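Every value quoted in this text rests on a predicted model; they were computed, and no experiment measured them. Each residue takes its place number in the sequence, starting with 1.
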Amino acid sequence: MEDWLSRMESKSEQNEWSSGVWDHLTAVRRQSPLVQCITNFVSMDLVANTLLSAGASPAMVHSVVEIPDFTPHIHALCVNVGTLTPEWLPSMKAAAEVASQLGKPWVLDPAAVNCSGFRLKACLELIGLKPSVIKGNGSEIIALSSASRGQTKGADSSHESTDAIEAAKSLALSSGAVVAVSGAVDIVTDGNQVIGVHNGTKMMQRITATGCSLAGLIAAFLAIDSSRGLEATVSAMSVFGIAGELGEAMANGPASLRMHLIDSLYGLDETTVRSRVNITRLG
C-alpha cells in the first residue's frame, strides 16, 4: 500500500510539473518578454536565436552608455562572463544594479569563474548585486560557493552537477538566489528544495553556447513568473532539454543538432511537453 501511495504521489507531482512547464512556455510565447543579454562573443548568435525560438525578445545591449536609458524598460537581464574584459564589467554591473533596484529578475552565468582571480572577483561583485538565479556547471558552482565562504581553492573541472548539490544549496542560502547546476541531471535549488531535471542530451555539450543560451532562456521564464524563481528555472531547463532531445533525434551530429535544437524549441506543443517532462524532487 505504501509503495502504491508513493507512486501515486510521484505521478501527481510529475503531472503538476508538466502542467507548470507548459504554462510557463505558453506565457513566454504570449508575453514575449524583452531580455537584455550581456553575454560573450561566442554565444551571442545562439542565445538570441534561442530566445526568439521560445517566443521571447532578445536585446544584445552591452554599452554602459546605453544602460540608463535601456535597462529600465527590459523584463529580465542575463549576464554571462564568458569573454569578460575590464571594459565590459562596468556594463554588467551597471545593468545588474538597475535591474535589482527596479525589481527586475536577472541571471548570472559565471562561465569559467575559476580560471582567473579577475573573473572570480568580478563574479563575487556581481553576486553582491543580487541575481535572481545563478546558473553554472558543477565546477563553477563549487568554486563560487567556496569563494563566497572565503576559501580560495579552485574547483576541479570534472565535477558533475550532482557533486555540487551541497555547494549549490550553500550558495543559494548565502546569496538569496536560486542556483541552477547544469549537467547530466540539472539541479535547481533555493537552498531548501532540491529539484532534478532529467531532460536533455549529452550531444548538446558538443555545441558551444548551449549553456549560455539556457541562461538566457531562464531569464525569459523568470520575466513572466519572477515570484516563483525556482519553478520558472526548472521549467526553462526542462523545455531546453526537451528541445535538445527532439533535436538529437533528427541530427547527424553537433552542427545539425544546433539547427534542430532551435527548430524543436520553436515547434514545441503541449502534448510533447507534457509527455516528455522528467522532473524529480531530490530533497
Side-chain angles (χ1 to χ4, degrees), residues 34-48 50-51 58-102 104-157 159 167 171 174-177 179-182 208-219 222:
L34 177 62
V35 181
Q36 181 181 1
C37 302
I38 304 181
T39 188
N40 65 75
F41 295 116
V42 178
S43 72
M44 290 183 195
D45 171 72
L46 188 56
V47 172
T50 294
L51 286 168
M60 320 310 275
V61 176
H62 294 76
S63 173
V64 69
V65 178
E66 292 187 291
I67 301 301
D69 291 331
F70 185 81
T71 303
H73 302 288
I74 66 171
H75 298 109
L77 168 70
C78 179
V79 173
N80 178 294
V81 301
T83 52
L84 184 65
T85 68
E87 292 75 27
W88 275 26
L89 183 54
S91 297
M92 295 174 174
K93 292 169 72 173
E97 188 169 6
V98 170
S100 291
Q101 287 176 347
L102 297 179
K104 298 175 185 291
W106 74 278
V107 177
L108 172 63
D109 189 339
V113 64
N114 50 330
C115 78
S116 73
F118 166 63
R119 193 175 295 249
L120 178 58
K121 182 174 182 291
C123 287
L124 291 174
E125 290 173 353
L126 286 164
I127 289 174
L129 296 172
K130 299 300 180 184
S132 309
V133 172
I134 302 169
K135 185 220 73 79
N137 62 33
S139 296
E140 291 160 353
I141 296 303
I142 290 171
L144 268 183
S145 181
S146 296
S148 68
R149 298 194 307 271
Q151 300 174 8
T152 57
K153 183 179 178 181
D156 189 323
S157 61
H159 280 115
L171 182 59
S174 65
S175 66
V179 175
V181 192
S182 57
T208 189
T210 52
C212 312
S213 300
L214 175 57
L217 192 64
I218 291 171
L222 286 172

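- No side-chain heavy atom of Ile141 sits under 4.5 Å from any side-chain heavy atom of Val113.
- Between Glu97 and Ile67, every side-chain heavy-atom pair lies at or beyond the 4.5 Å cut-off.
- The shortest heavy-atom contact between Ala95 and Thr71 is O-CG2, 3.8 Å.
- The backbone N or O of Asn137 sits less than 3.5 Å from a side-chain atom of Glu140, completing a donor-acceptor pair.
- With contacts defined as side-chain heavy-atom distances shorter than 4.5 Å, the pair Thr39/Cys78 does not qualify.
- Using a 4.5 Å heavy-atom threshold, the side chains of Pro72 and Val98 count as touching.
- The shortest non-hydrogen separation linking Pro110 to Lys135 is CD-O, 3.0 Å.
- In terms of heavy atoms, Val64 sits closest to Ala94 at CG2-CB, 4.2 Å.
- With values rounded to the nearest 0.5 angstrom, Lys104 atom NZ is found 8.5 Å from His73 atom NE2.
- In this structure the side chain of Leu34 reaches within 4.5 angstrom of the side chain of Phe70, judged on heavy atoms.
- Here the closest non-hydrogen pair linking Leu171 and Ser145 is N-OG, 4.0 Å.
- Only one option out of Val47, Thr50, Leu46, Val42 pairs with Cys212 in a side-chain contact (heavy atoms from CB on, under 4.5 Å); it is Val47.
- Salt bridge annotation for Glu125-Lys121: present, with a cationic side-chain nitrogen under 4.0 angstrom from a carboxylate oxygen.
- Shown here for Thr85 and Phe118, the closest heavy-atom pair between the two residues is C-CZ, 4.0 Å.
- Within the 4.5 Å cutoff, the side chain of Leu126 has heavy atoms near those of the Trp106 side chain.
- Put simply, the side chain of Ser213 gets close to the backbone of Ala209: a donor and an acceptor are under 3.5 Å apart.
- Annotation: side chain of Lys93 is in contact with side chain of Leu129 (closest heavy-atom distance under 4.5 Å).
- Side chains of Ile127 and Leu108 form a contact here, defined as non-hydrogen atoms less than 4.5 Å apart.
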